[in-house]
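Here the structure is laid out as structure tokens; the discussion comes afterwards.
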Number of protein chains: 2
Amino acid sequence: MPRKPRQARSRATVNAIVEAGFIAVATHGPTGATTRQIADIAGISVGSLYEYFTNKEAIFKAMSERFVADTVAMIQPLVPELVRKPIRQTILDLLGHFRVFLQENNELYLKCARHAFTMDFEEYLDPVHKLLVDIVMQHLLHNPELTRVRNIPAMIYIFINGGVFAVIRHLSEDNPPISFEALSEGLADMVGHYVSQELSEPSGKITAGPG
Amino acid sequence: MPRKPRQARSRATVNAIVEAGFIAVATHGPTGATTRQIADIAGISVGSLYEYFTNKEAIFKAMSERFVADTVAMIQPLVPELVRKPIRQTILDLLGHFRVFLQENNELYLKCARHAFTMDFEEYLDPVHKLLVDIVMQHLLHNPELTRVRNIPAMIYIFINGGVFAVIRHLSEDNPPISFEALSEGLADMVGHYVSQELSEPSGKITAGPG
DNA sequence: TAGGATTTCCGAATTGAATCCGAACAAGCA
DNA sequence: TGCTTGTTCGGATTCAATTCGGAAATCCTA
């Protein structure tokens, strides 16, 4: 049974384990990363590792939470500025910052995010989802006419689950078939055009009914 | 060193191993699936498994190739019909068929696709990419005015890497925040609106230049 | 269709990583 | 300082991955 750290010393240990986890996974992938490696990098023994984590997966879980928290913390301060810009620019900025974030520390996070599914990152994406919803909501406040755009929740869903992973995959590719700029402008235009088109359509448009 | 099967018997064995792989991964995930399980499900012994596959990862690789080949084989016959329809409908149809495909056999493929990154499915997506490009090209032949749409390669990239994974994730969720219909219509509208908007813009539009 | 060559299959043995556990060490406190 | 609780350690155990030396099936040819 894993224990809760009480003293500063053990809290530092837990922290070191999570950070060592990122390094080990970035270097050897989630399968290749061994608990011994993680312990070595963290400068502790394997035994200590199991004091705080049930198993290797629990370390991955902590890493996921850390990653998501760091992502949110990275974006949060940008929000006030972002919500004032036109949609297209907001998205370009978001993607640009996300790229830098992923590539920091010799691509530490990027190399881990690549294996996101393995480590169930997705199950912890909720805070990111909430943040995006928040940004959209504030956008709506600044631009009330956008309220006419249909299907905003679906757009957010697609953007998070599709856009973000498209970016992660793109940055992980050795020879991507398109440039990062083409990708991010594609995403920005896709959303931007969607909104423009929605706004240019008669507001009472009815889509296929049930049945 | 893995051997090439020569007789029908061993070809059946290899096939059984790959299919057992899908079942094992669908049931226990790529980490939880053991070679013994796979061998048991395939009705052979562990030893035989290593006659044809260097290691567990090689089995995953074969599974990825099979999955991609099956996906292409599923879509291919639909192409002639798809390329005649309006874009929005083409996408809705594609996604609908893809959904059925993933959910067949008690969601066998869906449960595996969820772990796509772990098993490096992405590295084998090329045939799917080519197929989509083909569909788009044929669309262009039927609707020459679409040639004015910019950034088509980026759209395809986003659609494959974003759209497809958004769908896979959505179908894997217990309580998705939006319905599948909302998701697929969102994707269809996103592409459809993008195209409409592009066509409604003056053709010589210049985006930011280099530097 | 017997006998040897080739291919396929088998499962106990080996290897190495994940995890456990009881002893040793450090910190907090009286 | 003596006692209690928190923390660390690393050898021992367990279990999955992979190997290997034949046994069994199939093929081929006389």
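Within every chain, numbering begins at 1; the chains are lettered A, B, ... in the order of the sequence lines, protein sequences first and strands thereafter.
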Could you pull out all donor-acceptor pairs under 3.5 Å where a side-chain atom in residues 89-105 of chain B meets a protein atom, sequence neighbours excluded?
residue, atom, partner, partner atom, Å
Q89(B), NE2, D93(B), OD1, 2.9
T90(B), OG1, L82(B), O, 3.0
T90(B), OG1, K85(B), O, 3.4
T90(B), OG1, P86(B), O, 3.1
T90(B), OG1, H139(B), NE2, 3.1
D93(B), OD2, K85(B), NZ, 2.3

Could you go through residues 16-24 of chain A and list every donor-acceptor pair under 3.5 Å that involves a side-chain atom there, pairing it with any protein atom two or more places apart or in another chain?
none

Point to revise | Over 12 non-hydrogen atoms of neighbours within 6.0 angstrom of CD in E57(B) | key: no

Point to revise | I135(B) side, atom CD1; M137(B) side, atom CE - distance, nearest 0.5 Å | key: 12.0 Å

Check your understanding: Rounded to the Å, how far apart are D40(A) CG and dT8(D) P?
Key -> 16 Å

Review point. Looking at R36(B) and D40(B), does any basic side-chain N land under 4.0 Å from a carboxylate oxygen?
Key: no

Exercise for review: Would you mind reading off the distance between N15(B) atom CG and dT8(C) atom P, rounded to a whole angstrom?
Suggested key: 15 Å

Study note, to complete from the structure: Atom CD of Q37(A) and atom P of dG16(C) are separated, to the nearest Å, by 14 Å

Exercise for review: Nearest whole angstrom, please: distance from the C1' of dC9(D) to the CD1 of I38(A).
Suggested key: 18 Å

Point to revise | Between N143(A) and R84(A), a side-chain donor and acceptor under 3.5 Å | key: no

Check your understanding: How would you label the contact of L49(A) with the nucleic acid (heavy atoms, under 4.0 Å): base, sugar-phosphate, or nothing?
Key -> nothing

Review point. Taking the side chain as C-beta and beyond, is there a heavy-atom pair between Q138(B) and V79(B) under 4.5 Å?
Key: yes

Review point. Pairs in or reaching into residues 68-78 of chain A: which pass side-chain hydrogen bond (donor to acceptor under 3.5 Å, both in side chains), with residues at least two apart or in two chains?
Key: D70(A)-Y109(A)

Would you tabulate the side-chain donor-acceptor contacts of residues 152-160 of chain B under 3.5 Å, counting partners in other chains and residues two or more places apart, or write 'none'?
residue, atom, partner, partner atom, Å
Y157(B), OH, E173(A), OE2, 2.4

Practice item. Find the distance R3(A):CZ to dG6(D):C1' and express it as a whole number of Å. Key: 6 Å

Check your understanding: At under 4.0 Å between heavy atoms, what does Y52(B) touch on the DNA or RNA strands: base, sugar-phosphate, or nothing?
Key -> sugar-phosphate

Check: protein-nucleotides 15-22 of chain D nitrogen or oxygen pairs below 3.5 Å:
residue, atom, partner, partner atom, Å
dA17(D), OP1, K56(B), NZ, 2.9
dA17(D), OP2, T35(B), N, 2.7
dA17(D), OP2, T35(B), OG1, 2.9
dT18(D), OP2, Y50(B), OH, 2.7
dT18(D), OP2, K56(B), N, 3.1
dT18(D), O5', Y50(B), OH, 3.4

Please tabulate the protein-to-nucleotide N/O contacts below 3.5 Å involving nucleotides 25-30 of chain C, giving atom names and distances.
none

Check your understanding: Has S10(B) got a side-chain N or O lying under 4.0 Å from the OP1 or OP2 atom of dT7(C)?
Key -> no

Review point. What's the CZ-C1' distance between F53(A) and dT7(D), to the nearest Å?
Key: 15 Å

